[in-house]
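Bear in mind that the values here come from a model prediction, so they are computed numbers and not experimental data.
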Amino acid sequence: MRLLASMLTVIFLISNLNAQVNQIELTQIPGAFNTEQVAVQQGKVQFNITNEGVNKEVGFVLVPKGQYDPSNHIQTAYVTSPVAEGKSSLSQVVDLTAGEYEYFCPLNPTPKYSLTVYEEVRSVDLAQEPGVFTTENLTLKEGAYTFNIKNTNVEQEVGFVIVPAGQYDQSNHIQAAYVKALVPQGQTQASNVVELKAGE
């Protein structure tokens, strides 16, 4: 009985550790990453790199911003195996502290892209019913946020858009605030991390 309890405790601890790892999906196309900017809360992250249409193996490099020398590569962020066309590969788990980083692939090769790690990311829950959000106005402090969008009773999938007040053209959408996937009825989906400055 004591052995069973110990095994259950170990399994529970492993599950908790796995649950705390934030997996970041990044796709490479010829000469570029599809995602040009990433923001996350500090902590354990793992990168899942997909090769979509690059006819050679690709990799992944993460460095503190501006520090491109190989000695500054965060080696735990390397993929565990080169990524062939149509395949994906994971990095090891990386423990990131707050700060500015850049990611790129020298094998593709790609430009260098920004990864911002925030000390704290606040979460805001919003629900949609047919034609409306149940919360009509929000007042938030400056900072980093994710928005959890719940589709409570809308038959079709829903999304989420933030714009500077009055600037409704799609070019003004704050794309980091888009939900990671459209939200079916009865489900909830989180946005990416978005940094909000003072304003309307």
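- For the atom pair CD of Gln128 and OG1 of Thr188, the computed distance is 10.5 Å after rounding to the nearest 0.5 Å.
- Taking CD1 of Ile24 as the start and OG1 of Thr35 as the end, the distance is 10.0 Å to the nearest 0.5 Å.
- The hydrophobic clustering, which links ILVMFWY residues whose side-chain heavy atoms are closer than 4.5 Å, places Val132 and Leu126 apart.
- Note that CG of Asp95 is 8.5 Å distant from OG1 of Thr76, once rounded to the nearest 0.5 Å.
- Hydrophobic clustering (ILVMFWY, side-chain heavy atoms < 4.5 Å, transitive): Tyr178 and Val183 are in distinct clusters.
- In this structure, Val179 is not a member of the same hydrophobic cluster as Leu26, with clusters built from ILVMFWY side-chain heavy atoms closer than 4.5 Å.
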Distance-only check: which donor-acceptor pairs under 3.5 Å involve side-chain atoms of residues 64-74, not counting sequence neighbours?
from: Tyr68; atom 1: OH; to: Glu102; atom 2: OE1; distance (Å): 2.6
from: Tyr68; atom 1: OH; to: Glu102; atom 2: OE2; distance (Å): 3.1
from: Asp69; atom 1: OD2; to: Ser71; atom 2: N; distance (Å): 3.0
from: Asp69; atom 1: OD2; to: Ser71; atom 2: OG; distance (Å): 2.6
from: His73; atom 1: ND1; to: Tyr78; atom 2: OH; distance (Å): 2.8

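- With a 4.5 Å cut-off on side-chain heavy atoms, Val117 and Thr97 do not count as touching.
- A continuous path of ILVMFWY side-chain contacts below 4.5 Å connects Val79 to Leu115, so both sit in one hydrophobic cluster.
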Ignoring hydrogens and angles, write down the donor-acceptor pairs under 3.5 Å from the side chains of residues 156-168, residues two or more places apart or on other chains.
none

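- Contact of the Leu140 side chain with the Val124 side chain is registered, since non-hydrogen atoms from C-beta on lie closer than 4.5 Å.
- When the side chain to side chain contact (heavy atoms under 4.5 Å, CB included) test is applied to Ala98, the partners found at least two apart in sequence or on another chain are Gln42, Glu119.
- The two residues Pro111 and Ala32 make their nearest non-hydrogen contact at CD-CA, 4.3 Å.
- In this structure, CD in Gln187 is found 8.5 Å from CD in Gln189, a value given to the nearest 0.5 Å.
- Hydrophobic clustering (ILVMFWY, side-chain heavy atoms < 4.5 Å, transitive): Ile174 and Phe133 are in one cluster.
- Under the 3.5 Å distance criterion, with hydrogens and angles disregarded, no donor-acceptor pair is assigned to the side chains of Ser114 and Gln37.
- Residue pairs meeting the side chain to side chain donor-acceptor pair (under 3.5 Å) criterion with at least one member in residues 144-154, sequence neighbours excluded: Ser123-Asn148, Asp125-Asn148, Asn153-Gln185.
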Which is it for Val38 and Thr116 under the side-chain contact (heavy atoms from CB on, under 4.5 Å) test, yes or no, and what are the steps along the way? CA-CA 6 Å; Val38 176; Thr116 303; over 6 Å; no
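- For Asp169, the side chain to side chain contact (heavy atoms under 4.5 Å, CB included) criterion is met by Ser171, Asn172, not counting sequence neighbours.
- Rounding to the nearest 0.5 angstrom, the gap separating the CD1 atom in Ile149 from the CZ atom in Phe147 is 7.5 Å.
- Scanning for ring pair (Phe, Tyr, Trp, His ring centres under 6.0 Å) contacts around Phe104 gives an empty result, with sequence neighbours left out.
- Partners of Tyr118 according to the ring pair (Phe, Tyr, Trp, His ring centres under 6.0 Å) rule, which considers only residues two or more places apart in sequence or in another chain, do not exist here.
- Residue pairs meeting the salt bridge (charged side-chain N to carboxylate O under 4.0 Å, His left out) criterion with at least one partner in residues 133-145, sequence neighbours excluded, are absent.
- Taking the side chain to side chain donor-acceptor pair (under 3.5 Å) definition, one finds that Tyr113 meets it with nothing, sequence neighbours left out.
- Sequence neighbours left out, the pairs with a member in residues 180-196 that pass salt bridge (charged side-chain N to carboxylate O under 4.0 Å, His left out) are Glu195-Lys197.
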Please tabulate, for the side chains in residues 46-62, all donor-acceptor contacts under 3.5 angstrom to protein atoms that are two or more places apart in sequence or on a different chain.
from: Gln46; atom 1: NE2; to: Ser91; atom 2: O; distance (Å): 2.9
from: Asn48; atom 1: ND2; to: Glu25; atom 2: OE1; distance (Å): 2.8
from: Thr50; atom 1: OG1; to: Ser88; atom 2: OG; distance (Å): 2.7
from: Asn51; atom 1: OD1; to: Val54; atom 2: N; distance (Å): 2.9
from: Asn51; atom 1: ND2; to: Val54; atom 2: O; distance (Å): 3.1
from: Asn51; atom 1: ND2; to: Lys56; atom 2: O; distance (Å): 2.9
from: Asn51; atom 1: ND2; to: Val83; atom 2: O; distance (Å): 3.1
from: Lys56; atom 1: NZ; to: Leu107; atom 2: O; distance (Å): 3.0
from: Lys56; atom 1: NZ; to: Asn108; atom 2: O; distance (Å): 3.4

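- Under the side chain to side chain contact (heavy atoms under 4.5 Å, CB included) criterion, Thr80 pairs with Ser89, Gln92, sequence neighbours left out.
- You'll find the side chain of Asn22 stays beyond 4.5 Å of the side chain of Gln41, heavy atoms only.
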